[in-house]
Structures are given as structure tokens and as C-alpha cells.
2 protein chains.
Amino acid sequence: MIRAMVHQVREVLIYLFLAVFYKATGTVKPYWRPGSNLSPDNDRAYCLSWRLGVETNNVRAWRTVPSECKEYIENYMTRGQYYHDLNFITNQISSYADEIALSNDGMDAWILDIDDTCISNIIYYRGKRYGCDPYDPLGFKSWAMKGECPAVPFMLGLFDRLVQSGFKVILLTGRDEETLGQATTDNLLSQGFIGYERIIFRTTAYKGQKAVTFKSEIRKQLVEEGYRIWGNVGDQWSDLQGEFTGNRTFKLPNPMYFVP
Amino acid sequence: MIRAMVHQVREVLIYLFLAVFYKATGTVKPYWRPGSNLSPDNDRAYCLSWRLGVETNNVRAWRTVPSECKEYIENYMTRGQYYHDLNFITNQISSYADEIALSNDGMDAWILDIDDTCISNIIYYRGKRYGCDPYDPLGFKSWAMKGECPAVPFMLGLFDRLVQSGFKVILLTGRDEETLGQATTDNLLSQGFIGYERIIFRTTAYKGQKAVTFKSEIRKQLVEEGYRIWGNVGDQWSDLQGEFTGNRTFKLPNPMYFVP
């Protein structure tokens, strides 16, 4: 904590110096100030840019969080902003859902991804340096088998609201049915996700397919069954792109890993 | 400036208090720390969430920047992070462009939007409280007529690189040809955007159409002419969605206004 204090105080002092410097030399640009090279915050600025790039789908197929961003991502995930972002986005989703006039045929559907959309892997990823370590399929599997993922903040509230509004909530996940089906169902139940219409895992038929292909195919089948997909919420762009994406998609933040 | 100093020092003191408080009461959560309600940074956290929502296309059809975010957006746009984000994303775009093997038929195309993609309206939006004031069509038109938009940082470098690599760079804008055509062409020239293949304005035939419809139609025509659209760069999601969007799209940051 002392280190963080010293860091913050130092930051303020350097800002003060910079402010006086810019004032004195008159090098403040009329609109933007390019050279932040003097700033001690270069890592933070870089990591902010990297995270924006990831969340906007500008940065794709990345394997690990840049190691210089470990502390930044840890802070983002655990010190409030991730929580704020989830609060904000779930409010947006609720407002959109509230505007929809549901029919009486029971075919108004809503799709939610599971990992880091309904339930969180943040505890696991803490042990993987918040995504700085490469993907570890066996490690992740044994974590998921435990069924100890906590609910993603605000998502249980959104889930309940959607169910109570009359949406048929369909959970769609790339998790393998055979090995993780039971543990996942139990995990969702223990976290209070009760009342969904259907939970769809990846079965052998879809093994090895990209998420965007598998999920598009499942959504196609749902639409063919007669479902109207009003909303589609996921933490990965591969949840939200492809075909039959739904009337509106919502990207939840996740700067820890990328699913192709 | 004194006010900013006092604010920063106060922030540090409150952080210190919070840190000691959390440590003493042991209320630090094992993974994320919800209640930032005590924090003086609530506005900033909210504005960060709002900006993320805008950039990820979760927040749509918004008319103005929330007024509590005026200072935040001003800081974002003028104090370095916007500049950092542009540096980061243009590097990403260059890396992608470098991997493309161009053919010899001269049909490898790249699409760039103009406003806040090639040339910047930040000086104008400073007078509109960085987007807190509602859209003012006449005001914007008279600004654009002046032809005084500076180049968006790093975008002239990217433009030159694309042209020199052999891409046919096509500028595609919702600006009205009749009223703004000459001023825009002059503005681009004065800023150094030289060597593009074509510049396509909105003509009378497309007046009143949504940007996504108009731009999709133009891209369709280009593809029918035989162009392969490798990249498509814009600051609005309406530049990047619809049909014939291109092999890869890149969203530049713009938290100041929304074009439907």
C-alpha cells in the first residue's frame, strides 16, 4: 500500500511539474497535447489504449494480455471500474428490454453467454496473472469442474428481470457438454440462475468449430424454431457476430482473454 | 490550474483514507470491490463507462454527451489519451495492412471516412462543449465550409502508407457534395491528403438516408466495380456496419457525437 501511496503522490508531483512546464513554455497545443512521453503514465495510457482496442474489436486474435498491463488489468477488474462498467451496461440492457412489447406466443427470446457473462472466471484468472499467462485448457477445465464461479455483478439481476418480463432466456455456451455440463448447471443453480428456458452446450457435433460458427448455427436453429432473438449478450465478439445475431447485441467487458 | 491541483491532492488523500479504511475493516472483496460510492470519482467512473459503452456500440442513438462528462471528455480528447488511442489503433491498422499481399490489378481498395477519421472537428466541438450541446447542422456546416479541420493525429501517416503500399484509398463521407464538396477537397489537400483514388460525397440521390444505408450502397457499387475492400476505417459504427463492410473494419474513437 505504501508503494501505491508513493506512486500516487509522485504522479501528482509530476503532473504539477508538467502543468507548470507547459504553462511556462507555452507548448500547450490548442486542441490536443501529443507528447505524453514525459509522463510516468505511459504504461497506463498504453494499456488503456490496448483495452479499448480489445473491447471495440480492433485488436483481434490476441493470445495474452501484454505483460506490462498486468497491474492495469488487475486494477481494472478488481478495483471498481469493471464493476462500474457492468452496472452501466446492464442498465442499458434493461432499458432496451423494457421498451420491447412482448407477444403472447412465448417465442420472445434472449440469449446470454455463460462464461464471464453470467458467471465469472475472475478467481481463476487471478492465478493466470489476469490473462498475461497463456490459455491453459486443462487448468481451465479443472477450475470449471469445481463449479465455483461467482455470478457476474448485476447479471443475476438482469437475468431475473428478463425472465420475469416474459423473455425466454436461452443460455448458449462453448463449454463442452459431456465434461462440463453437470458442473456448469450446478454452478448456475448455486448462483441463483433459475428459470431459464434452455441451456445449450457444445456437443460433439460442434467440437473444434470456432465459437462464431457454432453459435451462429445454434441461433439459426432457434430462429427456425420460431424464436425472435431480441437481445444477445456476451463478453466476446464471437458471441455477437456471425449470423442471426439478434435484434441487438451487447458486449460486456472482458480484457482477460480472447475466444476466436 | 490551482483547482485541478487541489482536486488531485484531495483525490489522493481520499484514496489514502479509503485504503486505510478497507484495510482496517477488512471489507476488501476477494475479487472485485463493488462500492465505489464513497469515491469522489463517481463521475469519472460513470463517464469512463459511458465512453466504453459508446465505443463498443452498446450505447446507441445518443444525442449529446452527458453534461456531467463534459470535463472528462475534454480531458480525454485534449490531454493525451485520445492521442494515445489513435497512435495505438493506427499501428494496429498498419500491421494488418502490411500482411496483405496486393495483386497487380489495381483493385485492392481501402475505405476511409473523412470527419474525425482523416480530418478533425475537435476545434468546432470545443465550442459545443465537446458534444454536450446538441447537434447544430447550420453551425457545423459553416465550420466545415471554412476548410480548417486539422489532420487527425497519425492518420495522414497511415494514409500515405496505404497509398504507397499500392492500396486504392477511397474517401467516403456523408458530407453533402453540393455545399461542402469544394471546401472539403481543399481542406484535405491543405492537410496533405494527396494521392487518394476517389472521394465520394453524399449526392442528392442519397439525401436523408441513414449513413449506414448510404455507405453500404456505395460500397456495394465499389465491389461491383471489382474493388476488394481490405480495410474500412471510421469513427462511427455507421461507417463500419451494414453490407460490404470490408475484410476488416477499424473503429476510431469519437465520444463527441453519434451519426445514425
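Excluded from the calculations below are hydrogen atoms, water molecules and symmetry mates; all remaining heavy atoms, backbone and side chain alike, are included. Labels below follow one simple rule: chain letters A, B, ... track the order of the sequence lines, proteins then strands, and each chain is numbered from 1.
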- Note on the structure: Closest heavy-atom pair, B:Ala45 versus A:Gln81, reported as atoms and distance to 0.1 Å, is O-NE2, 3.0 Å

- Task: Over all heavy atoms of both residues, which pair between B:Gly53 and A:Phe88 is shortest? Give the atoms and the distance, please.
- Result: CA-CE2, 4.4 Å

- Side chain, backbone, both or neither: which part of A:Gln92 has a heavy atom under 4.5 Å from chain B? side chain

- Note on the structure: Honestly, the part of A:Arg51 sitting under 4.5 Å from a heavy atom of chain B is side chain

- Which bit of B:Leu48 comes within less than 4.5 Å of chain A, counting heavy atoms only: side chain, backbone, both or neither? both

- Test side chain to side chain donor-acceptor pair (under 3.5 Å) applied to A:Trp237 - qualifying residues, sequence neighbours left out: none

- Item | Which of B:Asn57, B:Leu86, B:Ile93, B:Leu52 touches chain A most, by non-hydrogen pairs under 4.5 Å | B:Leu52

- Among B:Val59, B:Asn87, B:Asp85, B:Asn58, which residue forms the greatest number of heavy-atom pairs with chain A at distances under 4.5 Å? B:Asn58

- Query: Listed by residue number, which members of residues 245-257 of chain B have a heavy atom under 4.5 Å from any heavy atom of chain A?
  - Reply: B:Arg248, B:Thr249, B:Phe250, B:Lys251, B:Pro253

